[in-house]
Amino acid sequence: MAVKVRYAPSPTGSPHVGNLRTAIYDWLLAKKEGGEFLVRLEDTDRSPDRYAPESIADIEESLRYLGILPDSWWVTGGKDTPYVQSERLPLYAEIVEGLIAQGHAYKCFCTKERLEQMRQRQQELGIPSGYDRRCRNLPLDDRARYEAENLPYVVRLAMPLEGTCLLKDAVRGEVKYEYRLQDDQVLLKSDGFPTYFLAATVDDRLMGITHILRGEEWLGSAPKMIHLYNVLEWEAPVFAHLPVILGTDRKKLSKRHGSTNFRAFIEQGYLPEALINFLVLLGWSTGEENRELLSINEIIERFSLSGITEHPAIFDYEKLKWMNGHYIRSSQPGRITGLCIPYLVKAGLLSNPPTPEEVAYARRIIPLEQERMKVLSEVVDLVGFFFKELNYPNGYDEKAIAKWMGVAHIKALLEKEIAAFESLPEWTTEAIEAASRAIGEELGVKFAEVVHPTRVATTGQTVGPGLFETLWALGRERTLERLRTVLAHLS
RNA sequence: GGGGAUAUCGUCUAGAGGUUAGGACGAGGGAUUUUCAGUCCUUAAGCCGGGGUUCGAUUCCCCGUAUCCCUACCA
């Protein structure tokens, strides 16, 4: 049977990297096995504080950005339509009616207040918590009366009171559960919407899903779903429970640890291939081959559920940065330039939209800083000196001035450079370097004693790309202007 | 309180009944000298504890401990 996997996000905010990793694994499995990758929107939680329909666009964008496009989803449709659970309500209602008729599920009229009190009492007494099943054994005339009164109700799954459930997990092997310890899970809420347990089970079945990849936090609820499959007489798909991703304090990754949602990573400038490569490695490895830097195709070739780790992984932002830097460095300069320009526009360094001259300038300077970038957003600080008026000495690094603007040969150096640069037939890195070396010899100082003061005078700082590439990119006019300004202040 | 999962350098991980326990990030040192970054070389750093099984366990089993997850009309 062909593999069919699904990613089933909820519109409760910008996607979390943990969910994205699940989506990546889903996509990889589908690609590897020549199967189908389906994405379904699980929008059954309508409570105003969680339901965030505007995040649907984020979900779509995250998949597009990563390049893990679904074979079928609500955006492009497909043969399992609709892909949005709120549009599938009648399907769930029908299943629930059948379950009630067969005694596998029952209406529960308990109020939230009663359930709350029950839970509190259970906690005080130190006994296992869970629904006390009062409505499971409700006398018939009570139920008839409640129904006649139109009391709100939920539908609960009647779990077996004995026996064990054996889950065969693709990453964890066999896990056993006692049915009697399982709660009578709510399947249908009082607002008529299904819960995850019902909706996901029904949809996975109707959509022909063969493998369910989900976070380990779902492991404990597997027996409820397996029981549902059993009473519905459906064959259960393969379950694969993925290790959770933790923050540096070993707690479930959350906003406290820094960025966790897709949007934040994009804004900081992480490349899709870096995100995928890093996320994939958080819980999966190539095994003996021992490689970490892998292209998408190399990952697809090697991917398998058996390579998935069983223990939680801590999200290492440093390693992600390193990996992103690696992918930036190995990208075509044109691509990085294009990706960086919006950051410069946003920072006000370029007009909105940028003029052709500005774009040409950006194309000259951004590649010079490419190997220094870990994330794209750093470009703003890295190339700032190319754009800003330096205004000696205020715009200059204090320590840089202290170290190099007071050296004995500074005035002679600047004077000679201005004269030499003015008369240079061609403004090329080679010509600039040759002239600079000649000046150094004339002055009888070491080459470094030419380079460092010149760098400070023209850039205001001590770090940056190679000096002659910098001056070349800066252009003859800007270079001369900066040298003259500094010289004027020194005189 | 109950249930479940997991346990190899600080972090991500590989690994096998006998290995100098391998790689990567990060950290330290060195080289390249036009700074920073990069690149190359290099060093330090690990099998949770206790019982078994075994000639031999870090590896297999049990117990303990620790950590994480679940225990909602959220997913």
Side-chain angles (χ1 to χ4, degrees), chain A residues 8-10 12 19 42-47 49-51 108 110-112 115-116 119 122-131 152-156 167 169 172 175-178 181-183 185-191 193-197 199-200 214-223 241 243-244 246 248 250-252 278 281-293 309-323 325-326 329 369-374 382 400 433 436 446-448 450-452 454-456 459 461-470:
Chain A
S10 293
T12 51
N19 294 124
E42 308 228 322
D43 59 343
T44 56
D45 183 358
R46 315 304 278 194
S47 76
D49 55 329
R50 284 189 296 265
Y51 181 55
C108 169
C110 292
T111 62
K112 285 186 179 170
L115 294 174
E116 186 50 43
R119 221 167 281 132
Q122 287 168 338
Q123 236 163 46
E124 282 164 15
L125 294 173
I127 57 174
S129 56
Y131 181 53
Y153 64 89
V154 300
V155 177
R156 288 181 185 272
L167 166 68
D169 190 87
R172 278 152 222 283
V175 186
K176 276 184 198 153
Y177 291 92
E178 300 264 348
L181 267 12
Q182 299 296 320
D183 210 358
Q185 188 64 46
V186 171
L187 296 178
L188 200 66
K189 298 181 257 189
S190 55
D191 62 2
F193 278 83
T195 58
Y196 169 82
F197 304 89
R214 30 137 66 161
E216 198 209 298
E217 63 267 27
W218 293 103
L219 192 57
S221 67
H241 287 94
V244 292
L246 308 176
T248 37
R250 313 199 123 268
K251 297 270 185 270
K252 203 173 172 181
F278 177 76
L281 253 26
L282 231 43
W284 176 84
S285 80
T286 55
E288 288 186 333
E289 189 186 0
N290 229 347
R291 280 185 56 203
E292 299 209 317
L293 258 8
T309 303
E310 293 150 69
H311 50 266
I314 294 175
F315 194 102
D316 185 352
Y317 289 90
E318 285 306 310
K319 188 161 184 177
L320 204 213
K321 271 196 166 187
W322 161 77
M323 197 172 271
H326 164 82
R329 269 175 257 126
E369 295 285 11
Q370 186 169 341
E371 63 181 26
R372 256 161 290 262
M373 280 181 229
K374 295 267 198 299
L382 253 17
E433 175 165 358
S436 301
K446 282 188 285 186
F447 189 46
V450 171
V451 170
H452 296 314
T454 308
R455 178 190 303 283
V456 174
T459 70
Q461 55 191 47
T462 55
V463 298
L467 178 64
F468 308 113
E469 292 170 299
T470 302

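- Computed from coordinates, the A/Asp316 CG to B/rG23 C1' distance equals 15 Å when rounded to whole Å.
- Atom NE2 of A/His326 and atom P of B/rG38 are 13 Å apart (whole Å).
- If you measure from atom CH2 of A/Trp322 to atom P of B/rG23, you get 14 Å, rounded to the nearest angstrom.
- Interface remark: the A/Glu292 side chain does form a donor-acceptor pair with the B/rG23 base, using a distance-only criterion of under 3.5 Å.
- Nucleic acid contact for A/Leu467: base, since at least one base atom lies under 4.0 Å from a heavy atom of the residue.
- The main-chain N or O of A/Glu42 is found under 3.5 Å from a side-chain atom of A/Ser10 such that the two form a donor-acceptor pair.
- Across B/rA7 and B/rU13, the matching P atoms stand 11 Å from one another, rounded to whole Å.
- You'll find the ring centres of A/Tyr317 and A/Phe278 outside the 6.0 Å limit.
- Side-chain nitrogen and oxygen atoms of A/His241 include none within less than 4.0 Å of the OP1 or OP2 phosphate oxygen of B/rU6.
- Comparing atom distances between the A/Glu288 side chain and each of B/rC25, B/rG15, B/rU6 picks out B/rG15 as nearest.
- Across every strand in view, B/rG26 sits unpaired, with no contact that passes the Watson-Crick or G-U test at under 3.5 angstrom.
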Sugar-phosphate means primed atoms, P, OP1 and OP2; the rest is base. With that split, encode nucleotides 68-75 of chain B 5' to 3' as B, S or - using protein heavy atoms under 4.0 Å. SSSSBBSB
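- Between the side chain of A/Asp169 and the backbone N or O of A/His241 there is at least one donor-acceptor pair closer than 3.5 Å.
- When heavy atoms are screened at a 4.0 angstrom cut-off, A/Tyr177 is found touching the sugar-phosphate backbone but no base atom.
- Proximity of A/Lys446 to the phosphate of B/rU33: no side-chain N or O atom is located under 4.0 Å from OP1 or OP2.
- For A/Arg329, counting side-chain heavy atoms from C-beta on, the closest listed nucleotide (B/rG4, B/rU39, B/rU34) is B/rU39.
- For A/Phe447, the side-chain atoms get nearest to B/rU34 when compared with the rest of B/rG23, B/rA7, B/rU34.
- Proximity note for A/Glu371 (side chain, C-beta onward) versus B/rU34, B/rA14, B/rA37: the nearest is B/rA37.
- Atom pair A/Asn290:CG and B/rG15:P shows a separation of 9 Å (rounding to whole Å applied).
- Minimum atom distance to the side chain of A/Glu433 is reached by B/rU34, of the listed B/rC25, B/rA5, B/rU34.
- At a cut-off of 3.5 angstrom, counting only N and O atoms as typed in the model, there is no donor on one side facing an acceptor on the other between the side-chain of A/Arg172 and the base of B/rU6.
- B/rU67 is paired with B/rA5 under the Watson-Crick or G-U wobble criterion, all donor-acceptor distances under 3.5 Å.
- Summarising the geometry, the separation between CZ on A/Phe278 and P on B/rU11 is reported as 14 Å, rounded to the nearest angstrom.
- Between A/Glu318 atom CD and B/rA27 atom P there is a gap of 7 Å when expressed in whole angstrom units.
- No donor-acceptor distance shorter than 3.5 angstrom exists from the side chain of A/Ser129 to the backbone of A/Gln122, with no hydrogens or angles considered.
- Annotation: B/rG10 and B/rA44 have their C1' atoms spaced 12 Å apart (nearest Å).
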